[in-house]
Protein chains: 2
Amino acid sequence: MAGKRKPNELGQQETRERLIETAERLFAERGLDAVSMRLINREAGQLNTSSIHYYFGNRDAVIEAVVEHRMSRINESRLALLAEMRAAGGEITLHDIIAAYVRPLAAQNDGCDGGGGGNYVRFLAQAYASAEIDIAQLARGRWDQSLQQVAEMARARLPALPEPVFRERLGIMFRAVVYALADRERDRLTGRERSTRLPLAAFVEDLIHMQAAALAAAPAL
Amino acid sequence: MAGKRKPNELGQQETRERLIETAERLFAERGLDAVSMRLINREAGQLNTSSIHYYFGNRDAVIEAVVEHRMSRINESRLALLAEMRAAGGEITLHDIIAAYVRPLAAQNDGCDGGGGGNYVRFLAQAYASAEIDIAQLARGRWDQSLQQVAEMARARLPALPEPVFRERLGIMFRAVVYALADRERDRLTGRERSTRLPLAAFVEDLIHMQAAALAAAPAL
DNA sequence: GACTGATTAAAGCAAGTGATTTAAATATCA
DNA sequence: TGATATTTAAATCACTTGCTTTAATCAGTC
């Protein structure tokens, strides 16, 4: 008892990408736990649970694929920004370094490369908060590269900060940026845009200023 | 077909509190979606799903009860700190105001009032990230009071900041603090304490310094 | 001791879960 | 055209979910 199959309108690569993008959106909108394999399939236009299992094997692999999908290009974008700065030869401030961390993430929010929009940032925030997966562990070896550079360059500009203080602050800052971007995107999409919010560009630039100041604050002791 | 009932060792109030505290812990450890009514009951010493439904009615009411349970005392603690400062008569700095926001939250982490520990902060972080419930909406009218004061007093000390910038920053700061505390607590409990982290007290104080600097940073435009 | 109301236990329900299996429909290439 | 491998559909499995129902057991009062 099996059904009739429509002609294959999409190539396998297209079907795979469509599943990934649908999953990303749903995860972002509803949270990791609230999205089932069936739902992803349905929203992607497939009728039952078979294809997503066919393409990815199991649920965790879907999440991994979503991360993989965007992480590489964000990583590259960050590395490119840093390299550009070094090539320019001028002084590289702490502000510039943090900008290289924040801007590629924020750029995903414009849907600059066709659709998608801010889904990834919101997905990332969900993943950070989730006990289900260890996002840091999952990403290791992919975007570690650019984060490493950001960390080292920032460290060099904050010699007065004790090492453990610096490390705590960096972690807090990394997360705060993701949550801030995700939160703004959520408000934008759910329509409950708080009275008057800053335009995205201004928001991002001010966020960079904030975080630079936070990192550089005089230590407590 | 019903079972045998053990003598009622706890009063109804105690049973209720035990359910709330168990729920808080489980929500904190595993995330909101990953905890079922059955699990809460089991971990609280009850055998099936009946009592939690008996006491709370439905699942959302359990979450609400967990918030209610701690929110009020944190709110009071914040108001007390602010009143104390005003009574002391000296100059109240931005740092002091943020401290009044952060410290009562962090104090929940010591388990200073008997057990519980940092569960609430982690629960709060899960709730913030969850699409399942709107924590801000849920809390309105309870801790709004202390947050309002913190906001107004901070505003008075940052007259140069445009209003929309101030509002964005305040929201970012509020969240960053919750996530920072929750993240630290999680690492502590899961044992994967990153090599050498700051002791809690130092961590909290430095967090306050960071966030004060972030709020007071020169605006972008 | 029997009645009453509050609390607990057990079983069950309809719905949904991730995953597997089976079979049909397609594309590819000989 | 016909055999083969790839891709989709449908049905199914064992399990969990929130919640309800039914029945048993307690404490308190007369």
Test side chain to side chain contact (heavy atoms under 4.5 Å, CB included) applied to B/L147 and B/R78, step by step: CA-CA 9 Å; B/L147 288 193; B/R78 283 183 181 141; 3.9 Å; yes
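The interatomic distance linking B/R59 (CZ) with D/dT20 (C1') rounds to 18 Å, in whole Å. Nucleotide D/dT17 holds its P atom 17 Å from the CG atom of B/N58, rounded to whole Å. Following rounding to the nearest Å, B/L19 (CG) and C/dT7 (C1') show an atom-to-atom distance of 12 Å. For B/L32 and D/dT17, the CG to P distance is 15 Å, given to the nearest whole Å. Straight-line distance from the CD1 atom of A/I40 to the C1' atom of C/dA19: 14 Å, rounded to whole Å. Per the geometry, CG belonging to B/N41 stands 16 Å off P belonging to C/dA11, to the nearest Å. At whole-Å resolution of the value, CG in A/D33 and P in D/dG18 are 12 Å apart. Residue B/R16 contributes atom CZ, which lies 13 Å from atom P of C/dT8 at whole-angstrom precision.
The listed nucleotides are C/dC13, D/dA11, D/dT12; the one nearest the side chain of B/R38 is C/dC13. For B/H53, the side-chain atoms get nearest to D/dC19 when compared with the rest of C/dG18, C/dT7, D/dC19. Checking C/dG18, C/dT7, D/dT17 against every side-chain atom of B/Y55, the shortest atom distance belongs to C/dT7. In this structure, of C/dA11, C/dT17, C/dT8, it is C/dT8 that holds the atom nearest to the side chain of B/T15.
With no hydrogens or angles considered, no side-chain donor-acceptor pair links A/S130 and A/D33 at under 3.5 Å. With hydrogens and angles left out, the side-chain atoms of B/S146 and B/N75 include a donor and acceptor closer than 3.5 Å.
From B/L124, atom CG reaches atom CG of B/L105 across 6.5 Å, with rounding to the nearest 0.5 Å.
OP1 and OP2 of D/dT16 both lie 4.0 Å or more from every side-chain N or O belonging to B/S36. Contact check, A/Y54 against C/dT20: no side-chain N or O comes under 4.0 Å of OP1 or OP2. One finds no side-chain N or O of A/S51 lying less than 4.0 angstrom from the OP1 or OP2 phosphate oxygen of D/dT8.
Comment: A/R25 engages A/E43 in a salt bridge, judged by a side-chain N to carboxylate O separation of less than 4.0 angstrom.
Using a 4.0 Å heavy-atom distance criterion, B/V35 is classed as a sugar-phosphate-only contact.
With the nearest nucleotide of DNA chain C identified for both A/M37 and A/S50, A/M37 has the one nearer the 5' end.
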